[in-house]
Each structure stands twice: as C-alpha cells, then as structure tokens.
Asks: 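Mind having a look at this structure? Questions to follow.
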Amino acid sequence: MTLREQQEFTDNLDSAISWMRAIQERLKANDNTQGPRQALEARLRETEKICQSEEEGRVKMDMVLVAAEQLLQNGDEELRNHTHIQLKDLKGLWEETCTYITHCHSRIEWVWLHWSEYLKAYEEFELWLTKQQRSHDVELEMQLGVKEKLWQVDQQRVVVSDIKGQAVLLERLLDEAAALHNRTQDPSVDPQAQERLQEAYNHVRDRAEERLSLLQKICEEHQTYQGCVQRFQSWLLSKTKELTEVVGRKDTAEEKLKALKALDDSVACEEKALLDIEGMVESLRPNTSPAGVEVVVEEAEELRLGWQRLREGLCKADEGLRSSLDTHSQYMARCQRLGDDIGRLRELFKGLDQELEETQDCRDRIDHTEEQMVGQWTKYTGVRNTLAGEESQVELLKAQLRELFRFSEDSRHLSHDVLAVVKEHQSVKCRATRLCSESELGLRNILQDPLLVYDQWKDTVSHVLEASAEVTDFSHVAMLVQKIECLLKESVQLQERFSLLEVKGDLLDSVFGPERSDGLQSELSAAMRNRELLHVQLQQRKSRLQAFISRTKDFTDTYELMCSKLSSFKDRLMTADGLQPDILAKKSQSDQFGVILKDVEDYEAQVMALETLVSSSQTNRIQFEKLCDEWKHLHIAVKAKVDESDKIVAEHERFHDSLLNIEKWLMIMKQKLMSFHSPSGEWSIEGRRHEAERALGEFPEKELQLQQVDIQGQGVLKKTSEEGQVHILRDMKRLKDSWLALYEMSLNLHRYKKSTQQFLFSGSQGHHESRMKEFDSWLFKQNELLSEILSTKDVRLKQDTLKSLRADLPWGQRQFQLLLQDSQSSEAGTGPKEDAGLEDLRYRWMLYKSKLKDVGAVRTRTRTSTSAKILTRSSSKNGLQAPYIP
C-alpha cells in the first residue's frame, strides 16, 4: 500500500513540475517586448493562453497535495521529512511560475496598450500636418491696401501660434516613441522615424513662419510707401509756399536768384525721393491686387506731376530774374579765367607726357642698367606725384564749366576744351602710374634676383651632393661630374653678383624701405657664407668622383648596363603610348612623356662619359657609336611624342573651353530671352527694344562659334579612345539640342519684334525731354557698373563686363545722335536751361567713352608688359638647369 501511494505521489509531482517548467519555457520564449507590433500581439495572445492554463496547474498542485497527505500520515519519519521537503520545493516553484505568468502577461499587455494609444495620437498628428501642408500650398491672395494686408498678417500670426502650440503634443509623441523604441526596438518608432516626424513638423512651422515674414515684409513695404507719399505731399506744399514767398519779396534780383538757386537745388535733390517712391510702386505691384496697384500708380503719377509743376515754376521765376540782369561781362570774365587755366594745365600735361615719352623711348632703345632704372623710377614717381597734385585743379575746371552752363551763352567750345584736359589728365596719369609700377617692379626683381637664383642653386647643390654621396655606377658618376662643373661655374657668377649687391645698401633702402632692406641684407650675408661652404664641398666631391672615373677600366660591363638602361627607356615609351579617354589622362600621358624625355636627355652625359673607357679596340669604338646612334634616334622619337602629346592636350583644352563658353552663353541668353516673357506667357519688349535687338544680334556670331566647336570636337574625337568618345559625343549632342531650343525662342522673339516694328516707329516721335531723361538714366547706370567692375578682383567677370559695356557703345551713340537731331529740329523753341542740360549730358557721355577706352588700353599694356617680364624671368631661371616641367 505504501509503495503504491508513494508511486502515485511521485507521478503527480513529476507531472506538476514538468507542467511548470513547460510553462516557464513558454514564458521565456514570449517574455520579450521587442519587435514589430504583429509579433507583440502574437506574444500577447500566447501569454493570455498561458494565463488561462493556470487553472490546469492548480489542478495538478491539488493532486500532488492529496497524494502527499496519505504519505504524511505514514509512520515512517524519514519518508515524511522527505515528502515535506519535496512539497516545499514544489510550492516555491508554483509561486514562482504564477508570479512569472502574471508579470510577463502584464508587461506585454502594457506595451501593447501603450503602443495603441501612441498610434492613435500619431495618426491625429499626421492628419493635422497634412492639413497644414495643404493650406500652405495655396498661393497668397493679393490684398488691396495696408488695412487688408495687416488683417492678413494677423490671420497668419494665429496660424503660426497654433502650429507652435502643437509643439507640446509633438514632444509627447516623440517621448512616447522613444519609450516604445526602447522597449520594442521597432523601426516604425526608431530615432529615424522620430526625426522624420520632427522634420515634417519643422517644415510646416518654417513654412508658416516664412509666410508670416513675407506678409510682414509686404505690409511694411506698403506702410513705408504710404509714409513716403505723405511726407512728399507735405514737402510739395511747403516748397510751393516757399516759392510764392521768394517771388513776392522786395529783395534785389541777386538775392532772389540766390534764394531760388537754393530752393531749386533742394527741389532737384528731392527727385531721388520721388524716384524711390516710383520704385516702391514697382516693388508693390507683384504683392498687391490689381485695384490696389491702380491706386498706388495714380498716387505716384500725381506726385510726379506736382513735382514737375514746382520745377517749372522755379524755372520760369529764374528765367524772369536772369533776363533782368546783365551777365555778359561776368560770363566773359569767367570764360577768360577758365581758358587761362585750361591752357596752363594742357601745357603742363603736355610737358609731363613728353617727359614720360622720352624716358620710355630711352628705356626701350637700350638695355638699361640698375642706375638707369632707378633714374626712370624717380622720374615716373615725380610725374605721378605732380599729376596727383593737379587733381584739384582739374576738378576746379569742371566746377567752373558747370557755372558757365548757368548763363544763356553757348559754352560748347569750352566744354570740349575741358573734356580734352580731363582726358589728357587721365591718360597721362594712367600712363605714369603704369610706368611707375612697371619700373618699380622691374627694379625690385633685378635687386632680388641674385637671392632667388641662389635659392635655386642651393637646392640643386644639395640634391647633387646627396645623390653623389654613395654612388658607384660609372654612368651616374659621369653625369654628376658634369653637373658639379656647371654648379661651380654658377657659384662663381653668384659670388660676383653678391659682391655687387652688397654695396647697394642705399639703393635697397630707397626701393624697399628700411625694414625690408635690412632683411634683404641679412639674407645676402647668410647666402654669401653658405655659398662659400657649398663651393668648397662641390670641389671636394668633384675631385673624389674624378678619381673614381680614373680607376674605372671595364668598358664591356658599363656598355651592357647602359644598353639595358636604353632598352628600359624604350619600354617605358611603348607603355605610355596610346589613345586616352579624357583630358586628365592625356595630361598624365604628357607628363609621363616629359619625364621620359628628361631621363633620356640626362642619359646623354652618361653616353659621353662612356667614351673615356673606349680603348684602341675597334670593337669598343663601334659599340660606342652604335649606342650614340640609338640614343639620338630615341631622343628624337621621345621629343616627337612630347610635342604630339602637348598638341593633343592643347586641342582638347581649347575644345573644352569653347564648349563651356558656348554652354555658358546659352544659359545666359536663355535667361535674357525668358525675361522678355510677360507673366501671362506672351512676348513683351516694351522699353527694352534695343536690348532685344542686341540679344538677337549675338546669334550669327555664336552660330559660327558653334560650328567651330563641332569641328574642334571632330578633331578631338580622332585622338581620343573609344571609352572617352562616348562622353564627348554626348556633350556635343546636348550642346546642339540646347542651341536648337534657344534658336527657336530667338525666332519667336524676332517675329514678335517685326510685328511691333511699325507701332514702335510711330511711337518713336516722343518728346525730347523724355528721351533725354531715358539716356541720362542709362548713362548713369553704365557709369556705376564701370566703377563697380574696376574694384572687383574676378578677372573673368571683369573681362565679360567690359566686353558688354563696349558692346553697348554703338547703341548709346545712336541715342545721343537722336538727341542732337531733336535739339537741332526744335532749336528755336528750346531755352538755355535745356541747352545747358544737353551740354552737360554731352560732356558726361564723352567722359564715359574716354574712361572705358582708357581702361581697355591700360589693361592691354599691363598684360603685355607682365607677360614679357614673366618670359624674361623664366628664361633667366632656366639657365640654372631648372627641372623639366611638362
């Protein structure tokens, strides 16, 4: 009986333990919150099943307890103790399993609920973001005036405030996502997803703030415009009242003229404010409704009419007062004084220019020494300082001429004389500045040249001494001896030049200044000491190498060594040869050919040194001559390859530059032609007819350039590998497609221009004053552009702008001729004020053309002189065996 009960207890115990361990294994397999939401849901369902099976475990526990009661009633003490122990362990395992079931299911269920709440909030936030994005995709509605624009700003502020209020919700969402990712590691809530959500919100917020800023700017511009209009209206009323008071005074005519002059100056200066208001109207046009644009345009036109009426009143009052004064004697006295000043300055400029001419002719005829260059530099500096001192006199001439324009007499002859003086002053000044800079630069280069030559010589000496330290090859020894002999000769020449420069301390002080002169003299002293040490080392190394040559007797080994080296040159040449795919590969190939050529040329010294080993043996002599012939043939072949490779690279570079220039022109011209499109998509050349004609006039020349590029491309294709031909053909096809598209646009513009030609011809009979103002405005912009480009450091931009300015000269000359024709046709009806304005315009037009011409001449002369100096300096450096640079 006891054995059966004990067996039953044991079976129930094992069954309970097995069930608990199986449950724990299932819990361990599902006790994980990481992974996608579907996996978490599956684990949640599994833990629910485990919780539901807990009752089964209780049944098994009860069965164990029932079986244990019968054993505990047994009289065997040892059996009871053992049973108690097993029950204790079983109860502990059961409590652990129950706790594990509860905790595991609760943990997974909490994450699942947390995730569901997050997804609900996330979807609501996404809908809100989409709504905001769609609202910002709608274009701004143009408003009538300031009141409506302020209301629109307030409305946008509310939108921005609402968006910023959502930042708290976004922060909670991001925190929840971070917590979920920490528990689940799911990609849908990883940092990248959080960052995308943050970026989407930031994008909406930034767009809203940008729209708010834009609306605020639009509103501020309109408010600024209204303030300027009100101030200008008040100013017009005050100046009209002031004119009435001046005319009604009982003062003398001179005092009235003085008051009218001050009033006229203030009124004329205020035109800038009127132009600013008209400019504001144009800036308001894109951001205002059509009805609002009509309002601001009418306001600006009223202001312009009021200002013109005020100017006309001033002119009439001024003419009436001046007609009562006898100003002829005053005019003649000023003309005489101005003529005397013009004569004095022209004589002075002529003498200075003659002095520059004589000095320059003397410099060009003879090879100038340092003393002559110092004298020339002193003369040029003196002339430049004199011209700088006369700058105020030239400005005084201009002021005197402007005063003469106030009189009714014709001052045209004096304006020509003043313009001639200004041109002479600018010409002589530019020439003196250029010559002074050139002479100073040349003098500095001459004085510094010995130290520069010494630096190159020192580097070469260091290289030769290092190379000859452990040399044992006969061919290398012979070449090194030859180099050392050349370096010794150069050392002697350097010593002579150092000695001459050492005694010229005063000259260095005057040219470089005391501080820089002291530094040069210190460098000179150190260079002289180092040269002596290097000279001694070269002599010692030469003696040791010559002793080595005298001990060398084996012709055959040396000959074979040199033959193998010659063969290696041929192998390198064959390896480097062949068509290349692009310009970088071609340049690399050219560099390889250059390195081979340098090595072959250096090899000549080794060949000549081999002759010292040729004995009376006829065989040795034949072998030596054969080696010389092979070297000569190889040298010719390598040199031909270098020339051919350089030509191929140059052709490819020219083609590449031409291609880039054409593409750049196509891009710029496309922007120009697109600018003639109105917002409605139709062509419009109103007020820009000459610009359209000039743009269309560029096409024939560019078509020829396009054909040249095509020819260049065909030549480059023949000298390019098949791999590189694909890219070149693609670029040429893209260029042709771009040209055809742009050419079609030009044809459309040309047709439109022809259709409006008759209308424009009838409208060209405009008022003389309107045309004069248009030309004056254009000339002012051209002068500003010329002044800005002279101060820039971008050479390519400067060249392009100067070219464009010169291209505009014919159009400007035609417009000025039309002004002269209008003036002549209506000469009887024009007053002295209009004649004075035309003369002032003539003077500024001639001055602009002269300035533009002088800029081109100075650049050409400077570029030519600089190129000559670079070539001269390069030639002097190459005399010291500079390394070959392909």
Side-chain angles (χ1 to χ4, degrees), residues 257 261 264-265 268 315 318-319 322 325 327-350 353 387 390-430 768-769 771-784 786-787 809 812-855:
L257 280 174
K261 172 63 172 58
D264 185 69
D265 289 342
C315 290
D318 184 82
E319 290 173 0
R322 289 186 182 278
L325 296 175
T327 59
H328 182 69
S329 58
Q330 181 183 5
Y331 173 78
M332 294 303 297
R334 294 191 178 190
C335 286
Q336 181 64 34
R337 185 168 66 253
L338 180 59
D340 294 341
D341 293 341
I342 289 174
R344 181 185 64 82
L345 287 177
R346 297 191 75 168
E347 190 65 28
L348 173 63
F349 295 157
K350 183 178 180 181
D353 187 63
L387 291 170
E390 295 297 330
E391 190 85 33
S392 60
Q393 294 299 320
V394 175
E395 294 297 326
L396 182 60
L397 286 185
K398 297 179 184 179
Q400 292 178 10
L401 181 62
R402 285 193 292 270
E403 291 294 330
L404 289 179
F405 286 153
R406 302 179 186 277
F407 297 93
S408 59
E409 284 82 354
D410 186 9
S411 305
R412 192 172 302 175
H413 64 288
L414 288 173
S415 66
H416 291 317
D417 293 340
V418 171
L419 179 60
V421 170
V422 173
K423 290 179 64 176
E424 289 179 13
H425 177 259
Q426 290 292 335
S427 177
V428 178
K429 183 179 178 182
C430 290
H768 173 67
E769 181 181 359
R771 180 176 290 171
M772 192 171 176
K773 288 180 179 179
E774 179 183 357
F775 183 80
D776 187 15
S777 176
W778 175 82
L779 182 59
F780 178 77
K781 292 179 180 178
Q782 296 293 98
N783 266 308
E784 279 190 338
L786 180 59
S787 301
L809 284 177
Q813 186 63 34
R814 288 196 300 271
Q815 296 301 312
F816 187 75
Q817 292 296 335
L818 291 175
L819 285 176
L820 292 179
Q821 293 174 7
D822 292 344
S823 177
Q824 292 172 0
S825 63
S826 58
E827 186 173 359
T830 58
K833 190 71 177 180
E834 293 180 356
D835 289 339
L838 185 59
E839 285 303 315
D840 181 69
L841 197 59
R842 180 203 298 272
Y843 164 74
R844 290 191 286 112
W845 170 239
M846 297 182 68
L847 184 61
Y848 167 74
K849 292 193 295 183
S850 174
K851 186 188 297 184
L852 186 59
K853 181 179 179 182
D854 290 341
V855 169

Asks: If I take atom NZ from residue K350 and atom CD from residue E424, how far apart are they, to the nearest 0.5 angstrom?
Replies: 9.5 Å
Asks: Listed by chain and number, what are the side-chain contact (heavy atoms from CB on, under 4.5 Å) partners of L809, not counting sequence neighbours?
Replies: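 Partners of L809 by the side-chain contact (heavy atoms from CB on, under 4.5 Å) criterion, ordered by chain and then number, come out as W845, Y848, K849, L852.
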Asks: If I take atom CG from residue D341 and atom CD from residue Q336, how far apart are they, to the nearest 0.5 angstrom?
Replies: 10.0 Å
Asks: Report yes if the side chains of V394 and Q426 come closer than 4.5 Å at any heavy-atom pair, otherwise no.
Replies: no
Asks: Are R344 and D340 packed together at the side-chain level, in the sense that at least one heavy-atom pair is separated by less than 4.5 angstrom?
Replies: no
Asks: With rounding to the nearest 0.5 Å, note down the distance linking OG in S415 to NZ in K398.
Replies: 13.5 Å
Asks: Between NZ of K423 and NE2 of H416, what distance do you get to the nearest 0.5 Å?
Replies: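 One finds 11.5 Å between NZ of K423 and NE2 of H416.
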Asks: Using side-chain contact (heavy atoms from CB on, under 4.5 Å) as the criterion, list what pairs up with K261, not counting sequence neighbours.
Replies: D265, R406
Asks: Please tell me if the side chains of K429 and E390 come closer than 4.5 Å, counting only heavy atoms from C-beta onward.
Replies: no
Asks: If you define the side chain from C-beta out and look only at heavy atoms, does anything of V418 sit under 4.5 Å from L338?
Replies: yes
